[in-house]
Structure formats: C-alpha cells, structure tokens
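As the structure is a prediction and not an experimental result, all values here were calculated from the model.
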Amino acid sequence: MVRKNAQEVENKNPFFTLEDFKSIEMIIDGLNSTSQVKIPGGVDAIQLVQILPDGVWIEVPPKSCAMGHTLSLHIIARWLAPQPAEKEYVETQLHILGVIEQIEESKRGRPQVRLKFRQFAQEHWDSLLDYFTQKQLSLNELIKVTRK
Amino acid sequence: MANDVAPFTEAELKEFLEKRTVVVVCAQPASAKSVRKLAMQFGARVDLTLLCETFEDAKKELSSRPVHLLIADLHFDKNLGLELVELQASKFPNRLEIASIMMCGDPSSSTSGMLADSDIEGVLIKPFNTENFKTVLYSSMANKVKPSPYWRLIENGKTLFNADDYEKAVTVFESAKKLDPKPALAFYYLGQIHRKKKEYTQAVQVLEDGLKLEPKDYRCLSALLDIKMEIVDYPGAYDAAIRLHADYPVSIRRILDLVKLSIYNKKYGDVVDYYEIFKQLDHKDPMITRVIIAGMLVCSKYFSLQGKKAQALEVLNNTSKIAIETLIFRIEVLRYYIETGHVREGEVYFNGLPDDIKAQRDGQIAALELMNASGQSGQLVQVGTKMIADGIHTAKVYKMMIENSKKLGRSGTNIKILEDEAKARFPEDFE
C-alpha cells in the first residue's frame, strides 16, 4: 500500500506524522436540565466552537435552550495517542454542567450559546483541550512546511 | 533558514494590520464576532474589519475591494471557503500583501491534505482559544509583516510566472536560489516553468535537484507527481505518490489520480486505503464516488483471483454500502458479487435494492444472472422467456436461456428457436 510502504522511508518529518492528521471521534450528548429537553449526539449534535477561560461557546440545535438555562454535557472522545504510548488511543469521558449566559442566533447557521462552567472535571477537560492544541500545532507545521 | 518565520514584534504586527482590510466570513455571528475581536486585539482596525455571514456576501465584498486578511469558514453548505481565497488573490499581483486563514472543525486527513495543497497561510481549528488564534495569526503573517529577501523574490517570480513571462521569472528564481540554503521553492517554480514549456525532462531534473537539497519538499514532490501523470508515466507517478504521501496526508484533489494509479500499476490493495479516506469526506463528489466504486470492484476481483475470498467479500460489502447510498453502480456491484462467487450475499444485496431498480432492464437482467449463478434453471427459463417476449434482448440473456434450457432437457425445437433468434440478433456472439 502506498503509505505503508512509504513509511519505511528514512528521515521522517520531526514535527508531525501522518497519524497527527487523523480526526478525533467525539460524541456530545446534552441535556437541558431546566427544560428537561435532551440534545442527543449525532448529525445535529452540539459542537464545540470556542474555548473561554471559564466556559465555552457551543453550537446547538435551534430552540434547544434559552438564556439562564442549565445545560449538562456528556462528552465521550477518543483519539490516537501520541506514540510511543502503552495504548493506541486516548479515551476520555467528562460531564460538564454550565449555565447559558449568552445566545447568538444565526440567519443561516445554528445558534451559538456561551456556556459558563459550574462543574466540570478539569483534568479531563484539559486532556481534550491538549488534543486540539496539538492538532493545531501539527496543522500549523503542515501548512508551514508545504509553503517553504 | 532565510525563509523561516520572520521574527516580528507585536507592535510591528499591529502596525501592519491596522492599515489593512480584514474580512471575517462565518455563518455563526458569535464565532464571527469572536474572531473579529481577536483580530482587533492584534491590531486590526474596527472600521477596516468586516463581517460576512453568508458566502454570497463574502463574494460581493471580495469582488468590490482588496482584502488583505481573509478569515473564513472552510465549509458553507456546498461551497468551499477556498473559493474565496482565489477571489481575494485576484485583486493582488502576488501574496506578499495578503493572507488567508480557513476555519474548520477538527479536519480529517484528506481535508488537511486539501488545505496543504491550497494557497492559504493558516488553518484555525474549532474549538479555538486566544492562544491558538494567536499562533495561527503569527504563522500566517510570517512572510507578510517582514518578508525575507528570498521570499520577496519568490513572490515576484510568481507574479512573472503567472503573467507567462518565463524568461524574467527564471532570472528571478535563479537569484532567489542564492539567498537560501535550501531553496526548494525556487526549484519548484523553475520546474513549473519547464513544465509550462512542455520541457518535461528538464522539469523533472530541476525538481529532483530541488529534492536533493530538501528531500521532503512538498511542492517539488507534488509537482513531480503531476508531471509524471501528465506524461502518462504511471510507474513513475506511482513512485512519486509513494514519496509524497510518505509524509503528507492525501488531498481530496488527488484521490482520483491515486485510485487510477493503483489500478494502472496493479496495486489493487491500495484502493482500500483510499476508500478509508473517501469514507471521511464531508462532500462526496460523484466523480470521486464513481472512481472509488470502480476501483473497489476491481480490487474485489483481484482479491478473489488471489483466493482471498473473505477480503473480496469485505471490499464488496463496503462497495455495496456506497453504491446504495450514492445510487451509483448498484447493478454493477451485484455482478461482482456473482463474478467473485458470492452469490448468496449477492441475493441479499439484490433483495435490498428498491423495486424500481429491480424492475429496470438492467435490474431484470441482473436478476436473471443471479438465477443462473445459483442454478435456478427452471425459474430462469420462465422469467427469461417473459423478458424476451417483453423485448429485453441481449446476448447474455439468450446465452443463459440456451444453457439453462439444455440443462433442463427442454425440447430441441425450443432450443433451436432460441439459437436461431440469438444468431439473427447477435451474429458475432453466436457464430
């Protein structure tokens, strides 16, 4: 196979490997604890948009929540572990409980809400954020080396 | 290296950005506002930083004014933010003054490959934070705020190259070669000039010279593959693909060529790799879908001929999923189930097809082929007789009818009538 044969080539790029470009597998199930409306993972699932110091901006299905509502997120994520490692994948699960402090409606896209964290497991959250930071760095490097 | 990130201070970036127009294109106002706020934090001016919520608004904006920094969503329904990059570039002679950053969710391997293949300067992954935005902005502006002399010459050479002024462009790129210890990009453009002039041998030589200095240079490897495809040197192109994708993700743009190369070079097993990439695509182009299905079918037959029945079946089952999902080559998939000896699985697949497909001419013939493969001679003759009466006349139908009539011991007169009809309609097939 093209890539597998080629991996035998010496002098690997020191900044990234092909494995760095495999995407994360992430499911986010949500529950609006105020209205008791479930927001299941899937095509119309919640998506993380922006990380804030005390919370996160997320994209949600229309009419799934309102200002002041409490939202509970259950995130299950799995990604390739940086090698060498004992396990091939890093897996993490975390619960986040937060309050909606801002809503931005969109004419075309889905609404985005700012969720201020009330309860969350810092260690698991940081592990997830580390994945995105690492991916960002690998992608920066890819763009840089392909333009030299 | 001279073309590495040019160091600049925050104040220099601010000074650079505050004189320039920034356009943020994002369907979600919250994201758009956040990005604008961040851009302004690093120097963009409020009155020169515009927001566009739709792809159409962005096209209008980019057509009406020069935009120095474009920060746009990669996906807008069926549109790609990369189209905006081309529009942005059309207002400038080269990219010394401009930069484009695409925003997307965690990109798949093939999306990363596509972004590497484009002209953009940066990719911002969602979810992002201030630090990641800063990193992307700084690396995107590296050759803009304080471009090195090497980079200036490269961009000037590109302007001449794009204007087809090859003679002057060669002089500029030759000068650039002296300004950097590993000037692979200068070699890349010199190779492209030879390619434009159809001097393929020289083009390959120049690119290989560049690769001696920088063995993993993306542009040189990529151009080598393009040239080998252009001159129909498929073994050479396959080797170039191996070199390129040893370190770089496969771009969506290349999947078509890579599947073809696998088939032409009889590396059928590679197609399974490309299927894995294809599965992750957000938008499955019909042409790529056709090529993937065709490649997978050939691959299944190859595995079958090698006696690897289980692998052949796995490939076929994966192919049938794409065929059903995309409505492409549905009947052809059935034929490969039959040809590779997976008749029972073929029956299950066929039974799952919509009735209108089964009722079509090709669907009826395929059903007859299934009966033939599963030894249902009686049913085949009954159904085949009706099909012929209904005007479905193909050499294959007649062949199956004659063979199965003989198996059933039908009267010689019936068989003779079929044979005469077949000879009259398809003389070449029934000599």
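- Interface residue B:Leu124: backbone and side-chain heavy atoms are both found under 4.5 Å from chain A.
- Residue A:Phe117 forms a side chain to side chain contact (heavy atoms under 4.5 Å, CB included) with just one option from A:Leu97, A:Ile96, A:Val99, A:Asp54, and that option is A:Ile96.
- Looking at B:Leu221, neither its backbone nor its side chain comes within 4.5 Å of chain A, counting heavy atoms on both sides.
- Contacts of A:Glu105 with chain B are made by backbone atoms alone, with heavy-atom separations under 4.5 Å and no side-chain atom involved.
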request  = Quick one: do A:His69 and A:Asn32 satisfy side chain to side chain donor-acceptor pair (under 3.5 Å)? Show the steps, please.
outcome  = CA-CA 7 Å; A:His69 281 187; A:Asn32 184 332; 2.9 Å; yes

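- Chain B forms the most heavy-atom pairs under 4.5 Å with one residue out of A:Val49, A:Leu48, A:Ile58, and that residue is A:Val49.
- By number of non-hydrogen pairs under 4.5 angstrom with chain A, the leading residue of B:Ser108, B:Gly122, B:Gly105 is B:Ser108.
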message = Test salt bridge (Lys or Arg N to Asp or Glu O under 4.0 Å) on B:Lys228 and B:Asp257; report intermediate values, then the result.
response = CA-CA 11 Å; B:Lys228 299 278 182 180; B:Asp257 279 346; over 6 Å; no

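- Heavy-atom distances place no part of B:Ser110 under 4.5 Å from chain A, backbone and side chain included.
- In this structure, a donor-acceptor pair under 3.5 Å is present between the side chains of A:Asp126 and A:Gln122.
- Legend: residues meeting side chain to side chain donor-acceptor pair (under 3.5 Å) with A:Arg118, ordered by chain and number and at least two apart, are absent.
- Among A:Glu59, A:Glu104, A:Gln50, the residue with the largest count of heavy-atom pairs under 4.5 Å with chain B is A:Gln50.
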All N/O donor-acceptor pairs, side-chain side in residues 127-135 of chain B, below 3.5 Å, sequence neighbours left out:
| unit_1 | atom_1 | unit_2 | atom_2 | d |
| --- | --- | --- | --- | --- |
| B:Asn129 | OD1 | B:Glu131 | N | 3.3 |
| B:Asn129 | OD1 | B:Asn132 | N | 2.8 |
| B:Thr135 | OG1 | B:Glu131 | O | 2.8 |

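- Contacts with chain B were tallied for A:Gln112, A:Arg114, A:Gln102; A:Gln112 has the most, counting heavy-atom pairs under 4.5 Å.
- Proximity to chain B is limited to the side chain of A:Leu139, based on heavy atoms less than 4.5 angstrom apart.
- The greatest number of non-hydrogen atom pairs below 4.5 Å with chain A, out of B:Ser222, B:Ser31, B:Ala32, is found for B:Ser31.
- Ranked by heavy-atom pairs under 4.5 Å with chain B, the first of A:Thr133, A:Leu129, A:Ile51, A:Val56 is A:Ile51.
- The distance from the NZ atom of B:Lys177 to the CD1 atom of B:Ile154 is 11.0 Å, given to the nearest 0.5 Å.
- One distance of note links CD1 of A:Ile24 with NZ of A:Lys135; it measures 8.5 Å at 0.5 Å rounding.
- When each of B:Ser140, B:Pro183, B:Gly113, B:Ser34 is scored by its heavy-atom pairs under 4.5 Å with chain A, the top score falls to B:Ser34.
- Residue B:Asp106 touches chain A through both its backbone and its side chain, counting heavy-atom pairs closer than 4.5 Å.
- The main-chain N or O of B:Val123 is found under 3.5 Å from a side-chain atom of A:Gln136 such that the two form a donor-acceptor pair.
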